[in-house]
Each structure stands twice: as C-alpha cells, then as structure tokens.
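Lettering of chains follows the sequences in order, A, B, ..., and the numbering in each one begins at 1. Computed from a predicted structure; not experimentally measured.
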Number of protein chains: 2
Amino acid sequence: MSKDSYSSQDKMHLATDCIIFGFDNGILKLLIFKRSIAPYKGAFSLIGSFVKINESIDSAAERVLEEITGLKNVYMEELKTYNSVHRDPGARCVSVGQYALIKINDYDKDLVEKHNAMWYPFNELPDLVLDHNQMVKDALARLRRKTRYQPIGFELLPTKFTLPQLQSLYEAIFQKKIDSRNFRKKVLSFGVLIKLNEKDRSSSKKGAFLYKFDHEKYEELVTKGINFEVRSFINNYEPII
Amino acid sequence: MSKDSYSSQDKMHLATDCIIFGFDNGILKLLIFKRSIAPYKGAFSLIGSFVKINESIDSAAERVLEEITGLKNVYMEELKTYNSVHRDPGARCVSVGQYALIKINDYDKDLVEKHNAMWYPFNELPDLVLDHNQMVKDALARLRRKTRYQPIGFELLPTKFTLPQLQSLYEAIFQKKIDSRNFRKKVLSFGVLIKLNEKDRSSSKKGAFLYKFDHEKYEELVTKGINFEVRSFINNYEPII
DNA sequence: ATAATTAACGTAAATATTACGCTTATAAAT
DNA sequence: ATTTATAAGCGTAATATTTACGTTAATTAT
C-alpha cells in the first residue's frame, strides 16, 4: 500500500509494496519514505503503488522502484500477499509484498531525496503504516532463508567486492559473527567467485583482494544440481523480533 | 482461476486456486476437477474461486476446499500470485495459488464425486486450463523445498504411520530412492516421533511399528532453534520437468 | 522345517564442519 | 630504518555428520 485516496467501498484494490534492502558498510538498510500526502501524511511507509489494470504486479513494483531510485533490472522477488479484509481501513486492498535487493551506491540520490525517501538501518526502523512492519519482518526472514541456499547476497554488494565485505554482509543478515577462516573456505569452495588482480585498501593497510561473482559458473552448477547450502548459517542465529 | 463468467473488461478480479496434494500408497496425487460449466467446459482445472470483497484469500481457499472435500483445518500455504496481464483471456484476473496437504483418506468421497473432482497421480496429470500446470510445478518445487527443513510431510500421512510409509512419502516427493537405514536413523534423531505399541501389517508379514508426530516436542525444538534439515534430500534429486 | 520378504539395528569409512594457530602485507608510529 | 598495529590470508587437528553396507528379527507361505 501507500497510495492516494480511495473512493468506492465495494471494489477490490490490488497494490504492491516494495521492501528495498541495501547494504551500507556493514549495515543492512531499508529504503522507506515519509508520506507527504494523505492518507497517513507524515507517517513512514514502504514504497508502493496500486497495480494498474494493464500491468503485472512485478511491472508495477519495477515502475515505483525506478520512479524512486532510478534503478532498473533490480533483483526483486514476490514475498507474499497481505490480504486481511481490514488491513487498510480506507478500502479493501490486497497488497503483494515484493522484496528488492539493490547495490546501495547505484541509486539516484536526487530522486530519492525528492520523494522523501531515506535509508534506515534495519534495526532502527520507525513505525510504518498499516502492516508494513510485518512485511519488513517477513522480508528479512525470507532473505535469510533464501540466503542459506542461494548466493543471493551478491545482489547487495558492488560488482567487485572483497571476502571480508561478503562476510560482513552475511553477518548483518544473520546477526551473527562468523569465523572468517571457515567462511572463506566455504564460500571459495563453491567455485563461483573469480579472484581479481586488484585490491581494495579502504578498510585495511594490507588491502583485501577483490572478487566478482561468476554468474555463468553459478548457472552451470545450479543445473548440475549443486547446492549452495551453507550449514554454518543455519544454526543459532538471532531470531527476528 | 476456474470460475463462472466475466463481465466488465476494466475490473481487476482476484481469485485463488488450490493445489491439493494427497499421498496414496506410495503415490503423490493431486485433486483436480473437470469443469462442467463454461468457460473451459470439459477441461481440467485446479479448484478455485474468486475472492469475495469481505473475505481474506485464505478464507476463500478454505471455503472451496471445504466445499469440495468436506475438510476443515487443512494445512495450506500461499504459494505465489499468478498475475500476468493476459493469463486469463476472459478478464484481468490475478490468482493466488495456495497449496494444501491433506490426509487422503479423510476427504468426503461423495462431495468430491459430485463436483467432478478426482485424484490424479502427480506424474500423470492431464493438461489443465490457463497456467494451472505451472502452478502445479511451482507447488511441487515449494513442497520439496519446504520439506527439506520442516517436517511438513506429516500432513500427508494418517495420524498413525510407519517409518516405511514416511520414507515412501519422501521418496515420492523427491522422486529418489533413499537408504532406509540412514533415513530411519535421521528422522528418529530429530526426536519428534513417538513410537506406538502397535504395528501395521498391511504391507509386510513382520509388520512395521506405528508412530505419531509429536507436535508439542516439535514446537519446543523449533523455538529452541533446532533445524530439521535433512541433508540427504538436498542433493541429486530429480528435477521438476 | 525352510524359504521368502519386509522391518529393524549397527558399524566403519568417507565427508564436512568447527575451532583454532600462524604468517603476510602494509601504513603509521617510533 | 625499525618497530608496531591491524586486517587479510592460509593451514591443520579435532569433532560431527553423512554415507555405504552387513546382519539380525519377525512373520507367513510353502
């Protein structure tokens, strides 16, 4: 949800709301915005839109996402529907949550600012309208689950990234410290990382080698039925409160 | 989808379709029905309904499920939305797939027959209307994924079941032979099965002990963060074609 | 009795995970 | 120049889990 105004009481509305994740220097963030128009003027909300009669739900989500961040071709996936009859007091409105993973340096800062949107650390989110806080929780749960068996996290990192960066992303997602030696061993063993002849020195004197994700190799292994399950993520991570 | 007739071209319809799994003596089956009214009269279809303005999507699914099988309190979960603009040539209709797992001996046979519904082995499904075959594929993929880490399969077995039965269920879901000694060891190790002092002799002279699922213990372990991941299911099972 | 069949139990070998210790490269401080 | 501090990178032994497969048990039919 997060739209303009309603009219008829007897019409079924279909909307989509985007749970937009970003990863900023060790911190998992969410893009939300402060509504400048009624209803819920001044309140925080996810970014969403009604679905038009001649567009698919993902098109609608892509449309708002581009409108607000300037980004196209973003990783996005359906989360679930939010459909309780009275979730939106203004009208019967079913909303399809979609979670998106974006590379946080790529978005259009002017656009975001213009729309009153801003990045909030996941742990410091304000109250959001309607059931949007629930959507956010569900999205993190899904992100965690998906991350267990699919190297989806790469969507949140720049194209070139270091192993320590990758590790800190997983630590942010699971809210859990990981042993760096075992982490390195495990992720390299999948064989989908290409080591570059370049270092990133922004966080240490020694500098860490940059890697990129080998999409081709990944697809090849997926069709072979290889699993990317990471056992150490599975156990003992912090619950989502 | 799977409804009566449409009127306006400019209205967004919301429907739900149920992918109903059953497990019958080693074979995974699906409950579908032969439409006796237009549109698609005579064609096979999933069981579905429009969602009414004053009911949630799950209520709608529960409503049709009860209408056709007589069953209440069935395990059911949202799969995903099917929302491409032209998926239904009759109108703009978004359908939410819901998959349900039922104990195949419990349903009301007269009701099912009356509605032209019937159980088909998963591997021998006929062509279904619209995108229903895709829904079925997606549902199996989801069932497999979910089964990996949650003992969801019990929903498909009678309350009392034997270990060989449980194994054959997993073999049907993953289309893969499992070593019975290792299977037994693994599932018992979770500690959520209660051995009964009763045997089922329907499939062997020796007879196999009956077990029941310990829901309480299961919930307790889940809150403790125990995982029910079964590694041997993860690898090398048959792809869904 | 014996054979045939499914169920149940056990154990060794192969793999994978976990818990650490140690070295390396470099910039900043002395 | 040398030392120091720090993150990065590599390796290995201990532990746990999975896999492969041999054996025994209960029962009915012959």
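One can place CD1 of B/Ile178 at 17 Å from C1' of D/dC21, the figure rounded to the nearest angstrom. Atom P of nucleotide C/dA16 and atom CZ of A/Phe228 are separated by 14 Å, given to the nearest angstrom. Across the protein-nucleic acid pair, B/Lys186 atom NZ and C/dT15 atom P stand 18 Å apart, rounded to whole Å. Rounded to an integer number of Å, the gap from CZ of B/Phe190 to P of D/dT17 is 11 Å. One interatomic measurement links the two molecules: CG of B/Asn182 to P of D/dG22, which rounds to 13 Å at whole-angstrom precision. The distance from atom CG of B/Leu196 to atom P of C/dA8 is 12 Å, rounded to the nearest whole Å. Following rounding to the nearest Å, A/Glu198 (CD) and C/dA25 (C1') show an atom-to-atom distance of 18 Å. Rounded to an integer number of Å, the gap from NZ of A/Lys195 to C1' of D/dG9 is 8 Å.
Proximity note for A/Asp179 (side chain, C-beta onward) versus C/dC20, C/dT17, D/dC10: the nearest is C/dC20.
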Taking N or O atoms only and anything under 3.5 Å, show me the protein contacts with nucleotides 6-8 of chain D, one pair per line.
from, atom 1, to, atom 2, distance (Å)
D/dA8, N3, A/Lys206, NZ, 2.7

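Cation-pi geometry between A/Lys80 and A/Tyr82 is satisfied (NZ or CZ under 6.0 Å from the ring centre, within 45° of the ring normal). A cation-pi arrangement is present between A/Lys109 and A/Tyr107, with the terminal nitrogen or guanidinium carbon under 6.0 Å from the aromatic centre and inside a 45° cone about the axis.
At least one side-chain heavy atom of A/Leu221 sits under 4.5 Å from a side-chain heavy atom of A/Phe228.
In terms of polar N and O atoms assigned as donor or acceptor, the side chain of B/Lys185 comes within less than 3.5 Å of the base of D/dT19 in a complementary pairing.
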| B/Asn105/B/Lys103 under side chain to side chain contact (heavy atoms under 4.5 Å, CB included): CA gap, chis, key distance, verdict | CA-CA 6 Å; B/Asn105 292 314; B/Lys103 302 186 199 302; over 6 Å; no
| request: Report the C-alpha separation of B/Ile104 and B/Phe23 in whole Å, then their side-chain angles, then the decisive distance to 0.1 Å, and conclude whether the side chain to side chain contact (heavy atoms under 4.5 Å, CB included) test is met. | output: CA-CA 6 Å; B/Ile104 205 164; B/Phe23 181 63; 5.9 Å; no
Please set out all donor-acceptor pairs under 3.5 angstrom arising from side-chain atoms of residues 158-166 of chain B, sequence neighbours excluded.
from, atom 1, to, atom 2, distance (Å)
B/Lys160, NZ, B/Glu198, OE1, 2.9
B/Lys160, NZ, B/Glu198, OE2, 3.4
B/Thr162, OG1, B/Gln165, N, 3.1
B/Gln165, OE1, B/Thr162, N, 3.2

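Each of A/Leu163 and B/Arg201 lies near DNA chain D, and the nucleotide nearest A/Leu163 is the one positioned closer to the 5' end.
Dense packing is recorded around CG of B/Asp106, with more than 12 heavy atoms of other residues, nucleotides or ligands lying under 6.0 Å away. Other residues, nucleotides and ligands contribute over 12 non-hydrogen atoms within 6.0 Å of the NZ atom of B/Lys146.
With salt bridges taken as basic N to acidic carboxylate O contacts below 4.0 Å, one links B/Lys177 and B/Glu171.
Each end of the helix from C/dA1-D/dT30 to C/dT30-D/dA1 gets its own axis from five base pairs, and the two axes differ in direction by 10°, given to 10 degrees.
Contact annotation: B/Arg181 side-chain N/O to C/dG10 OP1/OP2 distance is not under 4.0 Å.
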